[in-house]
2 protein chains.
Amino acid sequence: MATTETPAEPLSIGQVAERTGLSVHALRFYEREGLLVGPVRRTAGGRRRYTAADVDWLLICVRLRESGMPLADLKQFAELVRRGPGNEAERLQLLDAHQRRVEEQIQALEECRSVIAWKVGVYAEHLARDEAGGLWDPTVRDGLRPS
Amino acid sequence: MATTETPAEPLSIGQVAERTGLSVHALRFYEREGLLVGPVRRTAGGRRRYTAADVDWLLICVRLRESGMPLADLKQFAELVRRGPGNEAERLQLLDAHQRRVEEQIQALEECRSVIAWKVGVYAEHLARDEAGGLWDPTVRDGLRPS
DNA sequence: CTACGATCTGGAGCGAGGTCTAGATCAAGT
DNA sequence: ACTTGATCTAGACCTCGCTCCAGATCGTAG
């Protein structure tokens with residue numbers, strides 16, 4: 001699982017930002033919103049020190065967000081984890097539901113892709129004809145009826 | 001490509017909402033934003049009358065939006081079409097760029113899906129073990145407590 | 001000691017993409 | 001004529017997910 005080659009040394013917020021792709025602003029924001037499982041440790045002076053586990057969790061969060069999970073769901077998931085063992089079924093349900101949504105999303109995107117590809121094809125063909133020596137009738141306004 | 005079995009009879013905004021999936025609010029909003037190619041016709045009384053071509057365009061818009069094209073790009077595309085023939089190369093470029101973005105999106109989603117699937121697997125296995133007779137540490141009692 | 005960059009907090013601000021309200025008008029049924 | 005429901009306009013408002021400030025503090029390098 002060693003997602004970040006777990007060096008056991010805690011990381012600063014900037015370092016975590018680098019390796020998660022989240023901004024330091026976003027990291028603080030996530031924390032305020034209760035999206036992290038545990039409270040983040042601090043130095044004597046009050047600076048955040050993230051553990052490897054924190055980073056791993058954040059990397060999961062990033063994937064879930066990328067795939068469109070709303071922060072509210074992420075928060076709920078974090079809460080379940082925070083409460084400790086005993087609610088694994090709920091966690092599974094949450095993830096499973098999301099997984100299905102992701103699959104639907106992929107489906108939808110693939111349909112879109114094919115519609116767009118068809119449109120691209122129409123334009124490409126149009127341009128080919130055009131450049132290849134003007135069978136293009138200048139009196140016809142844009143032959144692409146099913147726009 | 002009779003997307004809506006083009007009855008040549010113009011449609012009310014409500015009917016268009018039904019067959020595009022956009023709300024009437026969104027339809028008016030899109031119009032204000034200049035996302036439509038032509039100006040929508042009106043009845044004597046001022047009600048919008050959409051043509052089949054309008055609906056076809058909107059259906060394309062819906063696909064482009066679904067696949068994450070920002071309204072700004074949609075607007076630009078509409079402007080190109082509005083200006084008439086002569087800029088097909090630009091239109092093609094716009095669509096082609098979007099198509100590539102959609103493909104990247106699908107890629108990304110598929111990676112997410114596999115990460116999530118792995119997580120789901122972890123929980124499923126955990127639950128299976130748990131229900132099948134507890135290698136699960138019995139000193140950790142069910143985390144349910146009066147919260 | 002001094003500088004300088006990174007981080008801290010609380011809260012304001014922002015961009016995208018709509019959504020909703022108010023108050024008026026239109027159109028159709030009875 | 002009356003009622004009902006769909007539509008009209010302009011503009012205020014909303015959610016989401018951050019982003020950015022101001023002003024203070026920390027921590028390290030010289």
Side-chain angles (χ1 to χ4, degrees), chain A residues 9-36 39-51 54-55 57-78 98 101 105 108 112, chain B residues 9-36 39-51 54-55 57-78 98 101 105 108 112:
Chain A
E9 291 148 26
L11 301 168
S12 75
I13 196 170
Q15 292 171 312
V16 173
E18 259 176 39
R19 51 206 85 181
T20 58
L22 295 163
S23 72
V24 296
H25 297 296
L27 284 168
R28 291 195 279 247
F29 171 71
Y30 277 23
E31 189 179 337
R32 261 187 275 167
E33 293 295 294
L35 267 45
L36 301 186
V40 179
R41 304 268 182 89
R42 303 294 185 115
T43 66
R47 268 82 215 272
R48 290 172 179 83
R49 299 277 102 189
Y50 293 85
T51 67
D54 291 333
V55 174
W57 171 256
L58 282 166
L59 288 170
I60 295 274
C61 288
V62 166
R63 292 303 189 156
L64 293 173
R65 286 287 307 121
E66 266 181 23
S67 51
M69 181 182 282
L71 293 187
D73 291 18
L74 214 37
K75 181 173 182 171
Q76 206 186 328
F77 188 30
H98 183 61
R101 267 175 276 130
Q105 233 185 119
C112 291
Chain B
E9 289 148 26
L11 301 169
S12 75
I13 195 168
Q15 293 172 312
V16 173
E18 258 177 38
R19 47 208 87 181
T20 58
L22 296 163
S23 73
V24 296
H25 297 296
L27 283 168
R28 291 194 280 248
F29 171 70
Y30 276 25
E31 188 178 339
R32 262 187 275 166
E33 293 296 293
L35 266 45
L36 274 56
V40 178
R41 304 269 182 88
R42 303 293 185 116
T43 65
R47 270 82 214 274
R48 291 172 179 82
R49 299 276 104 190
Y50 293 85
T51 66
D54 290 332
V55 175
W57 171 254
L58 281 166
L59 288 170
I60 294 278
C61 286
V62 166
R63 292 304 191 154
L64 292 173
R65 284 288 307 123
E66 265 180 23
S67 51
M69 182 182 281
L71 293 188
D73 290 18
L74 214 38
K75 181 172 184 174
Q76 206 187 327
F77 189 29
H98 183 61
R101 266 176 277 132
Q105 236 184 118
C112 291

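Only heavy atoms go into these numbers, but all of them, side chains included; no hydrogens, no water, no symmetry mates. Since the model is a prediction, treat every value here as computed from it, not as a measurement. To find a chain, count down the sequence lines: A is the first, B the second, and so on, and within it residues start at 1.
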- prompt: For D:dC18, does either OP1 or OP2 sit under 4.0 Å from a side-chain N or O belonging to A:S23?
  reply: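 False: A:S23 side-chain N/O out of range (4.0 Å or more) of D:dC18 OP1/OP2.
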- Query: Can you tell me if the side-chain N/O atoms of A:R28 get under 4.0 Å from OP1 or OP2 in C:dT9?
  - Reply: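 No, because none of the side-chain N or O atoms of A:R28 sits under 4.0 Å from OP1 or OP2 of C:dT9.
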Can you confirm whether more than 12 heavy atoms, excluding those of B:R41, are under 6.0 Å from its CZ atom?
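Result for CZ/B:R41: open.
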What is the distance, to the nearest angstrom, from the [atom1] atom on [X] to the [atom2] atom on [N]?
X     : N      : atom1 : atom2 : answer
A:E66 : D:dC18 : CD    : P     : 11 Å
B:M69 : C:dA16 : CE    : P     : 15 Å
A:E33 : C:dG10 : CD    : P     : 13 Å
A:F29 : C:dT7  : CZ    : P     : 20 Å
B:L27 : D:dA6  : CG    : C1'   : 14 Å
B:Q15 : D:dA6  : CD    : P     : 12 Å

Query raised in the report: If you check every side-chain atom of A:R47, which of D:dC18, D:dT7, C:dT7 has the closest atom?
Result: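 Closest nucleotide to the A:R47 side chain: C:dT7.
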Report task. Specify the residue among B:Y30 and A:R49 whose closest nucleotide of DNA chain C lies further upstream toward the 5′ end. Result ->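 Taking each residue's closest nucleotide, the earlier one in sequence belongs to A:R49.
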**Asked** Between B:P70 and B:A44, which has a closest nucleotide on DNA chain C that is more 5'?
**Response**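 Going by which nucleotide is closer to the 5' end, it is B:P70.
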What's the spacing between B:L59 CG and B:L22 CG if we round to 0.5 Å?
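It comes to 8.5 Å.
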Q) Atom CG in A:L58, atom OH in A:Y30: separation rounded to 0.5 Å? A)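 The distance works out to 8.5 Å.
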_Regarding B:R32, tell me which of base, sugar-phosphate or nothing describes its non-hydrogen contacts under 4.0 Å with the strands shown._
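Base contact.
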